[in-house]
Novice: 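The structure under discussion is supplied below as structure tokens; questions concerning it will follow.
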There are 2 protein chains.
Amino acid sequence: MDNQLISFTEENYLKIIYLLTERHNGNEVSTNQLAEHTQTKAASVSDMLRKLAEKSYINYRKYQGVRLTEAGEQIALGVIRKHRLWEVFLVEKLGFGWDEIHDIAEQLEHIDSKELTKRLDDFLGNPQFDPHGDPIPDSKGKMPSVSYQKLSEISLNQSVVMMGVSVHSPAFLQHLDKQQITLGCDLKVLEISDFDKSYDLLLNDEIRLFVSNEVARNLLVQISST
Amino acid sequence: MDNQLISFTEENYLKIIYLLTERHNGNEVSTNQLAEHTQTKAASVSDMLRKLAEKSYINYRKYQGVRLTEAGEQIALGVIRKHRLWEVFLVEKLGFGWDEIHDIAEQLEHIDSKELTKRLDDFLGNPQFDPHGDPIPDSKGKMPSVSYQKLSEISLNQSVVMMGVSVHSPAFLQHLDKQQITLGCDLKVLEISDFDKSYDLLLNDEIRLFVSNEVARNLLVQISST
DNA sequence: ACAAAATTTTAGACTAATCTAAAAATATAT
DNA sequence: ATATATTTTTAGATTAGTCTAAAATTTTGT
């Protein structure tokens with residue numbers, strides 16, 4: 001519609017490169033990591049990287065991993081923007097659970113229409129965060145700044161607000177649902193077990209809750225301002 | 001998501017075969033017609049028809065044109081259902097004009113998630129017709145029955161309700177917008193010119209309006225019950 | 001520091017969807 | 001009714017994205 005020059009597949013690679021770079025604090029992404037996340041083999045990734053480098057979407061030195069160029073990053077951010085806006089739509093307007101939306105948004109993120117994205121954004125009230133707490137880039141590709149900490153880095157007796165998750169698997173999200181841990185809820189660290197580093201929490205000043213260290217490492221929180 | 005077995009492209013062919021068959025009152029669709037509507041060449045269509053026949057989505061005898069099987073029709077109706085539901089969404093929820101939605105719906109119609117379609121349908125209030133007046137098949141593939149006539153078949157002094165269009169080009173739709181002819185409006189045939197068969201109409205019992213025979217042939221109407 | 005292990009790239013092949021050019025079948029027109 | 005025109009199919013290529021197997025490069029462990 002707005003852009004005939006880049007394929008569905010290329011968009012996907014650029015998106016994944018962006019997200020993995022972010023996860024590695026800006027370090028290069030390796031071929032094998034990409035193969036894992038694109039559900040393909042390393043050989044296929046090598047081919048695609050050659051192609052993306054040719055089109056100047058990435059900086060690529062053989063055997064040395066890969067980084068997005070400014071052009072590549074803008075495309076990645078556009079795809080991520082659409083993905084997260086559609087996730088908001090699916091949850092806020094259609095009533096999906098946060099554990100059900102990823103695969104649908106993976107499809108919707110490639111719908112190509114600037115006008116649609118703009119109107120969807122307005123329809124949703126220009127949200128800054130998606131249902132998992134991930135920031136939504138604006139139409140210029142600017143990310144809302146976030147400063148989350150892992151719950152596993154919070155000290156005893158500290159109260160925090162639940163702001164996001166660093167794992168998006170349905171299993172993890174459903175686990176949180178079962179414990180009534182939702183975006184925006186209040187958590188206070190009552191005790192950290194010496195034995196297994198599991199957390200004893202107070203949820204919303206009411207309910208005692210135990211979560212494993214695995215859970216604590218994947219919950220993103222912010223120190224309460226109150 | 002729900003169906004790995006059929007490609008985007010195959011879905012498109014089946015949809016187009018359905019719509020052309022309908023337009024030809026159930027007669028076979030020719031290779032050249034398909035080439036025109038798929039924006040490809042006859043040779044490519046021949047290949048695809050062989051493939052679709054192999055998968056039992058169509059009945060195909062070389063040189064004799066093509067017709068959908070029950071299986072093919074169900075797939076076509078599913079795609080058409082999604083296309084028309086998304087069109088309702090774009091107009092009713094996002095405020096698009098009826099002339100702006102076709103190309104976006106062409107993309108959205110291939111999003112594969114039964115649950116999404118179901119929830120979208122509910123969100124929109126289970127509409128029976130899209131913004132062009134076309135009927136929306138239900139989840140079982142059943143089309144709401146319609147009995148429209150062309151305005152060009154209506155006799156003098158008859159009052160009718162505007163129910164749909166048989167051409168969806170932005171130019172035609174914008175032309176109707178300019179004349180304030182909208183779905184559901186009231187039209188009375190005041191005079192038909194002997195010279196060029198153009199129509200002198202009364203719109204909503206208020207406004208005199210002249211439309212060409214070309215327009216009259218592409219407006220679908222129903223005799224007013226009042 | 002260098003052999004072994006791991007990773008990455010290249011080579012060659014496959015599939016889906018498309019194309020052009022040529023051959024085959026059908027339709028048409030005097 | 002038969003020559004001509006039109007339509008459709010086949011043959012042979014092309015491109016995007018993928019694969020396996022083998023070669024090249026980098027990393028790791030002692």
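All chains are named by letter (A, B, ...) in the order of the sequence lines, taking the proteins before the strands, and each is independently numbered beginning at 1. Hydrogens, waters and symmetry mates are skipped; everything else that's a heavy atom, side chains included, is used.
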Novice: Between Lys62(A) and dT25(D), is there a contact of a side-chain N or O with OP1 or OP2 at under 4.0 Å?
Specialist: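 Checking dT25(D) against Lys62(A), no side-chain N or O comes under 4.0 Å of OP1 or OP2.
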
Novice: Quick one: is dT18(D) close enough that its OP1 or OP2 comes under 4.0 Å of any side-chain N or O from Tyr13(A)?
Specialist: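 So the side chain of Tyr13(A) is within the cut-off, an N or O lying under 4.0 Å from OP1 or OP2 of dT18(D).
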
Novice: Quick check on the 6.0 Å ring-centre criterion: do His102(B) and His168(B) meet it?
Specialist: no

Novice: Taking only side-chain N and O atoms of Ser30(A), does any of them lie within less than 4.0 angstrom of OP1 or OP2 on dT7(C)?
Specialist: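 Answer is no, no contact under 4.0 Å.
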
Novice: Please classify the nucleic acid contact of Phe8(B) as base, sugar-phosphate, or nothing, using heavy-atom distances under 4.0 Å.
Specialist: nothing

Novice: Does Asn32(A) put a side-chain nitrogen or oxygen below 4.0 Å from OP1 or OP2 of dA6(C)?
Specialist: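 Negative; the distance criterion is not met.
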
Novice: Specify the separation, in whole Å, of atom CE of Met48(A) and atom P of dT15(D).
Specialist: 16 Å

Novice: Could you state the CD-P distance from Glu28(A) to dT8(C), rounded to the nearest angstrom?
Specialist: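 Roughly 12 Å, once rounded to whole Å.
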
Novice: Tell me: CG of Leu49(B) to C1' of dA16(C), nearest whole Å?
Specialist: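 Atom CG in Leu49(B) sits about 15 Å away from atom C1' in dA16(C).
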
Novice: When you check the gap from the basic side-chain N to the acidic O, do Arg61(B) and Glu28(B) get nearer than 4.0 Å?
Specialist: no

Novice: Round to the nearest Å and state the distance from Arg61(B) atom CZ to dT9(D) atom P.
Specialist: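 Whole-Å distance recorded here is 12 Å.
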
Novice: Between Val45(B) and Tyr63(A), who's closer to the 5' end of DNA chain D by nearest nucleotide?
Specialist: Val45(B)

Novice: Starting from C1' on dA24(C), measure out to CD on Gln64(B) and report it in whole angstrom.
Specialist: 13 Å

Novice: From the options dT18(D), dT20(D), dT9(D), select the nucleotide whose nearest atom is closest to the side chain of Lys41(A).
Specialist: dT20(D)

Novice: Can a donor-acceptor pair be found between the side chains of Ser30(B) and Asn32(B) at a distance below 3.5 Å?
Specialist: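 The criterion, which ignores hydrogens and geometry beyond distance, is not satisfied for Asn32(B) and Ser30(B).
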
Novice: What's Thr9(A) touching, base or sugar-phosphate or nothing? Going by heavy atoms closer than 4.0 Å.
Specialist: sugar-phosphate

Novice: Atom CZ of Arg50(A) and atom P of dT15(D): how far apart are they, to the nearest Å?
Specialist: 13 Å

Novice: Quick check on dT7(C): is either OP1 or OP2 less than 4.0 Å from any side-chain nitrogen or oxygen of Gln33(A)?
Specialist: no

Novice: Cation-pi check for Phe89(B) against Lys93(A): NZ or CZ below 6.0 Å from the six-membered ring centre and within 45 degrees of the axis, yes or no?
Specialist: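 Not flagged: Lys93(A) not positioned over aromatic ring of Phe89(B).
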
Novice: Remember a base hit wins even if backbone is also touched, and classify Ser46(A) as base, sugar-phosphate or nothing at under 4.0 Å, heavy atoms.
Specialist: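 It contacts base atoms.
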
Novice: Which nucleotide sits closest to the side chain of Asp47(A): dT10(D), dT10(C), dT8(D)?
Specialist: dT10(C)

Novice: Thinking salt bridges, do Asp122(B) and Arg119(B) make one under a 4.0 Å N-O criterion?
Specialist: no

Novice: In terms of side-chain heavy atoms of Ala43(B), which of dT10(D), dT9(C), dT18(C) is nearest?
Specialist: dT10(D)

Novice: Under 4.0 Å, counting only non-hydrogen atoms across every strand here, what does Ser44(B) touch: a base, just sugar-phosphate, or nothing?
Specialist: base

